[in-house]
Undergrad: 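This structure is in structure tokens; I'll ask about it shortly.
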Amino acid sequence: MRSSGAVVFAVVALLAVDSCARTTVRRADDIGREYPAGMLQIRWRIPVHEHGLFEARPEECAVGTLVGSHYVTGSRAGRVLSIERTSGQVRWSVPTSGSVDGAARFAQAHGQIYVGTDDGTFYAMEPADGRVRWSFRARGSIDRLPEVGADAVYFTTAQNRVFALDARTGKLRWQYERDAPEGFTIHGHAGPRLQDGVLYVGFADGYLVALRAEGGEVLWARSLAGASEQYVDVDSTPLLLGDLLLASSFSGGLYGLGVRDGEVRWRLSVEGAGSVRAAGQRLYFAAPRDGLAALTPDGHVLWRQGLADAGDVTAPVAVGPYLLFSGTRAGLFVVDRETGKLLQVFNPGRGMCSEPTLDAEGRNVYILANSGSLYALQLAR
């Protein structure tokens, strides 16, 4: 056993659970195998939100953005910080009206950082000092990465709403909303995806909708609920791959659709599929029960990797021969992209619900742990 403050590097295949939650867990057929050592190495660590030692299951899900030589991120402490990527020194720290659980984005064309909070406030910030250029108050928490157009910025909220704001002034251009379904829904919401003047967004009522980015008019709407009447939420951010549009509903499964009209080309029945990522000629996604999976663009599954006891997992990020993703209970995973074999997990003790951010070279990883510490890690390539 290790002390609660220790950093644990573990090579795991989480299909069996040891009596100690922080010890290495292996599948029977993994015992005795050789794995690469030291793939992830800590460059620095800084606390951004102090959680009490006995606080039950803290979560820090904010995802940062690279701004030149700095990394900008929020936290549930209700602040946005700019941190020097080499040294870990804080350049500036600015309070926000609510906690930050979502993804920040630096729009170079607009010259400002965008970030939303759980009280529905959306900020545009000056990269040099964090000064708030403008803010807009919406309804519902903002947990997903915004999309950026030539002169507008688009974001969604947990209240089934999409907002289009003028990038320069923050004034509302249009908004679109759908009624929430009756009964319970899954926590979270989808982010928007912009391409060729069309915004694609999923909603809690099970619909994927294509909106004209200029004025918000509906071009088409497609139900991804399948035969289910419960938990039909489309909480995954859509992915566009040529003329193929990929999205999922919690109960309906993963869909490949035509971009032009939303026509269903194929469907993979899997509960709780998250956002899909593409690398080369493969697609990757994760789901609570089915684990991590790789498939072809026509929906053929190539492999699956079980992730029992990992908790909720983020969408996998491809970098070189690896996939990186995090689990709320297990930390940051490194997986072989070709085979799905688990290579390493970086576990700082309380897991991670934040998604990793990589630099342009794919060698440095920045991620916020549920403990409230921000880590800069070096990935061996």
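Note that this is a predicted model, so its numbers are computed, not measured. FYI, side chains are in, hydrogens and waters are out, and symmetry mates aren't considered; it's all heavy atoms of this structure.
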Undergrad: Test side chain to side chain donor-acceptor pair (under 3.5 Å) on Arg45 and Ser373 and set out the steps.
TA: CA-CA 7 Å; Arg45 177 189 70 86; Ser373 290; 2.8 Å; yes

Undergrad: Taking a hydrophobic cluster as the set of Ile, Leu, Val, Met, Phe, Trp and Tyr residues connected by side-chain heavy atoms closer than 4.5 Å, whether directly or through intermediates, do Phe122 and Ile113 fall within one such cluster?
TA: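 No.
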
Undergrad: Please check if Leu241 and Val198 belong to a single hydrophobic cluster, counting links between Ile, Leu, Val, Met, Phe, Trp and Tyr side chain heavy atoms closer than 4.5 Å.
TA: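 Unlinked, Leu241 and Val198 end up in two clusters.
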
Undergrad: Any salt bridge between Glu84 and Arg91, counting N to O under 4.0 Å?
TA: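 No, this pair does not count.
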
Undergrad: On a heavy-atom basis, which atom in Ala286 and which in Pro316 lie closest, and how many Å separate them?
TA: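 Minimum heavy-atom contact is N-CD, 4.4 Å.
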
Undergrad: Please indicate whether Glu217 has more than 12 foreign heavy atoms, meaning atoms of other residues, nucleotides or ligands, lying under 6.0 Å from its CD.
TA: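 Counting neighbours around CD of Glu217, more than 12 heavy atoms of other residues, nucleotides or ligands fall under 6.0 Å, so yes.
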
Undergrad: More than 12 foreign heavy atoms under 6.0 Å from OH of Tyr207: is that the case here?
TA: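 Atom OH in Tyr207 is not crowded, with 12 or fewer foreign heavy atoms closer than 6.0 Å.
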
Undergrad: Using the rule ring pair (Phe, Tyr, Trp, His ring centres under 6.0 Å), only one of Tyr154, Phe163, Phe155, Phe203 pairs with Tyr176; which is it?
TA: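 The residue from Tyr154, Phe163, Phe155, Phe203 that satisfies ring pair (Phe, Tyr, Trp, His ring centres under 6.0 Å) with Tyr176 turns out to be Phe203.
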
Undergrad: For the side-chain contact (heavy atoms from CB on, under 4.5 Å) test, which of Leu246, Leu268, Leu239, Val313 pairs with Phe285?
TA: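 Considering Leu246, Leu268, Leu239, Val313, a side-chain contact (heavy atoms from CB on, under 4.5 Å) with Phe285 is found only for Leu268.
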
Undergrad: Is it true that Arg133 and Gln112 share a donor-acceptor pair across their side chains at a distance under 3.5 Å?
TA: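 Looking only at side-chain atoms, Arg133 and Gln112 do form a donor-acceptor pair, the distance falling under 3.5 Å.
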
Undergrad: Hydrophobic clustering (ILVMFWY, side-chain heavy atoms < 4.5 Å, transitive) - are Trp92 and Val100 grouped together?
TA: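 Same cluster.
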
Undergrad: Under a 4.0 Å threshold between the charged nitrogen and the carboxylate oxygen, would Asp151 count as salt-bridged to Arg173?
TA: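 Looking at Arg173 and Asp151, the cut-off is met.
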
Undergrad: State whether the number of non-hydrogen atoms from other residues, nucleotides or ligands found under 6.0 Å of Arg289 atom CZ is greater than 12.
TA: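 No, not enclosed.
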
Undergrad: Starting from the C-alpha separation in whole Å, work towards a yes-or-no answer on salt bridge (charged side-chain N to carboxylate O under 4.0 Å, His left out) for Glu338 and Arg282.
TA: CA-CA 9 Å; Glu338 183 67 24; Arg282 290 188 174 187; 3.2 Å; yes

Undergrad: Are any of the side-chain nitrogens in Asp243 or Arg265 under 4.0 Å away from the carboxylate oxygens of its partner?
TA: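 Salt bridge between Asp243 and Arg265, a charged N being under 4.0 Å from a carboxylate O: yes.
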
Undergrad: Is Val201 reachable from Val259 through a run of I, L, V, M, F, W or Y residues, each pair having side-chain heavy atoms under 4.5 Å apart?
TA: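 Not linked; separate clusters.
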
Undergrad: Please determine whether salt bridge (charged side-chain N to carboxylate O under 4.0 Å, His left out) holds for the pair Lys171 and Asp166, giving the CA-CA distance in whole Å, both sets of side-chain angles, and the decisive distance to 0.1 Å.
TA: CA-CA 5 Å; Lys171 290 186 176 180; Asp166 184 280; over 6 Å; no

Undergrad: Is the shortest distance from a Lys or Arg side-chain nitrogen in Glu147 or Arg105 to a carboxylate oxygen in the other one below 4.0 Å?
TA: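 Looking at Glu147 and Arg105, the cut-off is met.
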
Undergrad: Atom CZ of residue position Arg260 - does it have more than 12 heavy atoms of other residues, nucleotides or ligands inside 6.0 Å?
TA: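 At most 12 heavy atoms, drawn from other residues, nucleotides or ligands, come within 6.0 Å of this atom.
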
Undergrad: Between Leu145, Val153, Thr65, which is the residue that forms a side-chain contact (heavy atoms from CB on, under 4.5 Å) with Tyr114?
TA: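 The option that passes is Val153.
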
Undergrad: Test side chain to side chain contact (heavy atoms under 4.5 Å, CB included) on Leu40 and Leu332 and set out the steps.
TA: CA-CA 10 Å; Leu40 288 170; Leu332 179 63; 4.0 Å; yes

